[in-house]
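Within every chain, numbering begins at 1; the chains are lettered A, B, ... in the order of the sequence lines, protein sequences first and strands thereafter. Values below: all heavy atoms of this structure, side chains included; hydrogens, waters and symmetry mates excluded.
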Amino acid sequence: MIQLNKISKTYPGKSSPAVDNLSLEIDKGEICVLVGPSGCGKTTTLKMINRLIEPSSGKLFINGKNAINQNPNKLRQDIGYVIQDIGLFPHMTVAENIATVPKLKDWEQSKIDQRVDELLNLIGLDPENTKDNYPAQLSGGQKQRIGVARAMAVDPPIMLMDEPFAAVDPITRTQLQNEFLSLQKKIQKTICFVTHDIDEAIKMGDKIAILNQGKLVQYDTPENILFNPKNEFVEDFVGSDRSLKVLNLLKVNEIMKENIPTATTDSSAEEVLEKINESRQSYILIIDKEEKLVGYVNKERIKNNKDKNWKDNIKFSQVISSDASLIDALTRLIQNNQSILPVTSDENNLIGIVRLEDIQDRIADSYQAEAELEEPEVV
Amino acid sequence: MTLQEIIDTLINNAPSLIIEHLQLVFLSVGLAILIALPLGILLSREKFKPYLPTIISFFNIAQGVPSLAVIAIFMPILGIGFTSAVVALTIYALLPIIRNTLAGLGNLDQDIIEAAKGMGMPAGKVLLKIELPLALPVIIAGIQTATVVTVGTAILADLIGAGGLGRMIFAGISMFEPARILVGSLLSAIIAISLDQALKYIQTKLTVQFQ
Amino acid sequence: MDTIEYFIDNSSHIADLTIQHLILIGIAIILALIIWVSVGVAIRNKDKTANTILSIGSLFMSIPSVALYGILVTIPFFGLRTRSAVFGLILYSMIPIVRNVYTALNEVDPSIIEAAKGMGMSEKQILKEIQLPLALPVIFAGVRVALVMMVGIATLAVFIGEQNLGQLIQQGISRTRNDMVITGAIMVSIIAIGVDLLIGYLKKKIVSPGLLFDENQGGR
Ligand SMILES: Nc1ncnc2c1ncn2[C@@H]1O[C@H](COP(=O)(O)OP(=O)(O)O)[C@@H](O)[C@H]1O
Ligand SMILES: [Mg+2]
């Protein structure tokens, strides 16, 4: 889909190239993450793809066509572009911002309106409440989402994203990353994604390209980057805590326990107590008639408050979705001081649970893998 | 208008009028600085902060009153002559100096002032050693504006009998002697531009010194 | 009291002079906007040219207005009255308008321009749809300064034969008629304040609300 062929860029007045003889192929529907230390040429590489920067030498093919011969403005209209500073136009409403490229392409107003609503729904914002707002009225996370929506306005097959989530706080960032990954499942874009954060790279990338001083060092799957680093540079860049980084890669549904005991809201206190005893746990999850999660109750609480309505003892629980990463699950468990986390669907249906001990097991496993990996060096 | 006429005008009339003009300018601007600087400093203190926007917009509006009107309005009260002109010119020159003093002292990096206070400097020292030196370039820019405006307005001072280059220009206009108009106008333009450049030089010198 | 009497007795004359005054600054500001906004746009990417042009502008600014009129009337093409008056006003408005257009266009956040470019907008489209609308608040501020200044300087055009409110002041001085002087001064000040308010109103109407949140403290 995107093919860089021996691309180089030397800025005027510089002796060494910012990007040096770089060849890279990004397949359709994949997220390729460019990662590397600051100044290694990530942004330069990205901007050569939509020709905001003209390469000094080399070839660029997009969809099999030589991009260097095309009108750069036409080319850019078909490539979504999201940058760290977002660059929302402050004098335009959210709707007008999103409509920028559709207007450049002379879409009819009715089609534009429809598309704006569709995109706002897609990124989880209510069209009626947001579309007439100005950027100054939005939170950082909302701005970032609008930036993504604007880039997707004409449904371009390719998206370029330069540190799109770097400017928001860590919690919002995780949220945006997860939202974007689940969005990507639906939209299947070909994406080139720049970050300097290896954790983000591992989490977001189908493939990761590690750059150093303008050169491509390794282009591989996240697993291989973690466990088969090509050289010392990659190894150092990935860092020593590989086993924790694997948690970025693993999804909740890989270690989730299904078919867990539950009680329903219409059971009696005795029935609930019996179920808890059967399960040999100190608690039980409570669901309603539609199997939606309500919360959990502790055995002790029910025992000690027999005379009261047992439902008053139901406590709310943090939940997680099945396609979240294990690092998210671990973070949430630790933040809320819980040892289990119910896994729910988008509609809040209970699917299973993740247990802290299972995550710990996975960490232990991967420590072992890491140790084995390093063994040859020790000998 | 021949070259000879221009030269004659220059030699016969110009010197004394230039001196009168400069007297008007220096006296008025000098007085204006003496009044405006303390006033600006006073208004920039903490207790006036809530009223600052109102004070500034008052000065903005006052600046919009035309110079001719200012000169004219004092005539009924103070009569005609040099003194009356100096009073009018001084009041008109106050505005840009106060405005810039307020802006200069108001836009300082509060961290620097906090740091100075934190080191135990008394308020008066903070003002003298920190605030004023930092705001000086902006204050001088205000004096620059005031000076240029005053050179121009001083021409009008002749209308209330204060003399200066205005006398030559207005005489030229009423008798339609282009040589006089041109010489008077050029001379006042030259005075304005030289004083402007001189102050600009001082201002850049000071700015460089602090950076 | 005298002043009110004078005002009532001469209201139609005063109205005439006011209209003349407004016409003069009207013509001058329209021409000034056409010329100086174009100049500001043209020099937006040329720092050297901009510096030269702006220093020429500040030179004009430091020539006293009566002196500038004095010089202009001795040039045959301009001569007495309107041409000189209009041309002088245009020269004085150069700095506030050109400088504000130039700075405002250049101060647009580079990431906004980059986003626009990245979406495939042409240079022209970026200027028209992004840079100019974003520069409007600052341009308005410049026009406001220029206009208020014009109202005052226009009074001085009476010395080169223009008929406007400056005439009341000038004649009031030479005939020592305080009522005339005060009437003139008040009328001119009212116009200056009115013009100021008008620009403020137009700014609110024309500038995108998205850019005014800081001023209204309505944004986050
Ligand atoms: N417009 C430019 N002119 C000159 N040098 C540049 C320019 N942009 C980037 N560079 C240089 O090129 C190198 C790569 O920059 P960049 O691609 O922005 O790195 P990254 O995005 O990986 O941090 C850096 O050394 C940077 O200083
Ligand atoms: Mg970068």
Please state whether the side chain, the backbone, both or neither of [X] comes within less than 4.5 Å of a heavy atom of chain B.
| X | result |
| --- | --- |
| T155(C) | both |
| M61(C) | backbone |
| I193(C) | side chain |

What part of [X] gets within 4.5 angstrom of chain C, counting heavy atoms only: side chain, backbone, both, or neither?
| X | answer |
| --- | --- |
| L156(B) | side chain |
| I169(B) | side chain |
| I155(B) | side chain |

*For the student: nearest non-hydrogen atoms of A189(B) and P64(C), plus distance*: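 Closest heavy-atom pair between A189(B) and P64(C): CA-CD, 3.8 Å.
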*Heavy-atom count around F48(B) CZ within 6.0 Å, excluding the residue itself: above 12?*
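Buried by this count: over 12 neighbours within 6.0 Å.
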_A quick test of your reading: do over 12 heavy atoms of other residues, nucleotides or ligands sit less than 6.0 Å from CG of L22(C)?_
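Atom CG in L22(C) is packed in, count exceeds 12.
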_Using a 4.5 angstrom heavy-atom cutoff, name the option from D196(B), I193(B), L187(B) with the most pairs to chain C._
I193(B)
*Counting heavy-atom pairs under 4.5 Å to chain B, which of V145(C), I63(C), I71(C) comes out on top?*
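Heavy-atom pairs under 4.5 Å are most numerous for I71(C).
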*Option in L59(C), L165(C), D196(C), I182(C) with maximal non-hydrogen atom pairs under 4.5 Å from chain B*: L59(C)
_Checking L159(B) against F159(C) for the side-chain contact (heavy atoms from CB on, under 4.5 Å) test, could you report, in this order, the C-alpha distance in whole Å, the side-chain angles of both residues, the deciding distance, and whether it holds?_
CA-CA 11 Å; L159(B) 295 173; F159(C) 299 116; 3.3 Å; yes
Between [atom1] on residue [X] and [atom2] on residue [Y], distance to nearest 0.5 Å:
| X | Y | atom1 | atom2 | value |
| --- | --- | --- | --- | --- |
| I153(C) | S67(B) | CD1 | OG | 7.5 Å |
| S55(C) | K200(B) | OG | NZ | 6.5 Å |
| L68(B) | I173(C) | CG | CD1 | 5.5 Å |
| L72(C) | I181(B) | CG | CD1 | 11.0 Å |

